[in-house]
S.K.: 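Can you read through this structure? Questions will come right after.
These numbers were taken from a predicted model, which means no experiment stands behind them. For ligands, and for the atoms within them, numbers begin at 1 and follow the listed sequence.
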Amino acid sequence: MNHITEKIKEIEAKLPAGVKLVAVSKLKPVETLMQAYEGGFRRFGENYVQELSGKFENMPKDIEWHMIGHLQSNKVKYIAPFVSMIHSVDSFKLLVEINKQAAKNDRVIDCLLQVHIAEEDTKTGMSEEELLEIINADQLKSLKNVRILGLMGMSTFTDDLYQVRREFKSLKKIFDDVKSMGKTSDNFSMNEISMGMSGDWPLAIEEGSTMVRVGSAIFGSR
Ligand SMILES: *Cc1c(COP(=O)(O)O)cnc(C)c1O
């Protein structure tokens with residue numbers, strides 16, 4: 001078994017049933033991703049549209065590609081033909097554009113709404129207020145080519161694990177609150193919480209994560 005696959009198996013062995021691993025492969029070459037692929041792994045997360053498209057072109061077609069980085073509306077068209085899930089939906093405008101491009105490709109694209117949970121204010125994501133605006137928008141029902149499956153959040157980059165835990169708890173609370181609104185429909189449900197990275201994914205799972213996005217702990221530092 002290759003080294004990358006060993007790391008993946010090590011992490012997967014610790015994931016509770018129902019928690020998915022997204023291997024974050026940004027800035028790593030195709031050859032490195034192929035080691036994970038050859039070990040049977042199929043779910044990769046990328047941050048940059050151009051890099052993601054290039055890897056899609058150059059790798060086998062049974063891979064699930066997750067867009068986890070900030071996404072500009074004018075670039076959605078490049079990934080709409082193949083992307084499996086977009087974790088970083090941070091505006092209604094972006095959601096509408098994803099719907100439009102998905103429709104052009106005769107697809108339904110799974111999305112997560114990214115919420116700002118970091119106590120530092122450098123990270124992207126919506127406020128709870130903006131999130132509720134999207135959820136309550138009348139137009140949401142008409143977006144038949146997107147499917148909102150849950151929320152995504154990024155914690156502050158800090159060694160203070162109490163702070164990180166507090167931020168994860170805040171996302172879980174928002175998730176539970178939204179879920180209890182009972183808005184479930186064909187294109188809206190609260191099933192997934194994407195939170196946790198290399199330094200804090202075990203903690204994220206304790207706080208309710210269903211998808212961990214792990215990069216450097218698998219592929220090494222960037
Ligand atoms: C880079 C990145 C990750 C992975 O970070 P690691 O610390 O390398 O595990 C996860 N999520 C997002 C949004 C990222 O940009």
S.K.: Say whether Ser216 and Ser221, considering side chains only, have a donor N or O and an acceptor N or O under 3.5 Å apart.
M.R.: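 Judged by distance alone, the side chains do not pair up.
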S.K.: Counting C-beta onward and ignoring hydrogens, is there a side-chain heavy-atom pair between Gln139 and Val96 closer than 4.5 Å?
M.R.: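 When only atoms from C-beta onward are counted, Val96 and Gln139 do touch, with a gap below 4.5 Å.
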S.K.: Anything with a heavy atom under 4.0 Å from ligand 1 counts, so go ahead and list those protein residues by chain and number.
M.R.: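 Answer by chain and number: Val24, Lys26, Asn47, Ile68, Met154, Met197, Ser198, Arg213, Val214, Gly215, Ser216, Arg222.
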S.K.: Answer yes if the side chains of Ser180 and Asp177 hold a donor-acceptor pair under 3.5 Å, and no otherwise.
M.R.: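 The criterion, which ignores hydrogens and geometry beyond distance, is not satisfied for Asp177 and Ser180.
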S.K.: Is it the case that the side chains of Glu64 and His66 hold a donor-acceptor pair, with the cut-off being a distance below 3.5 Å and no angle test?
M.R.: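 Result is yes, a qualifying pair exists.
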S.K.: Do Ser170 and Glu167 get their side chains close enough for a donor-acceptor pair, meaning under 3.5 Å?
M.R.: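 No, Glu167 and Ser170 have no side-chain donor paired with an acceptor closer than 3.5 Å.
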S.K.: Given the ring of Phe188, does Arg147 sit roughly above its face, with NZ or CZ under 6.0 Å from the centre of the six-membered ring and within 45° of the axis?
M.R.: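 Ring-cation test returns no.
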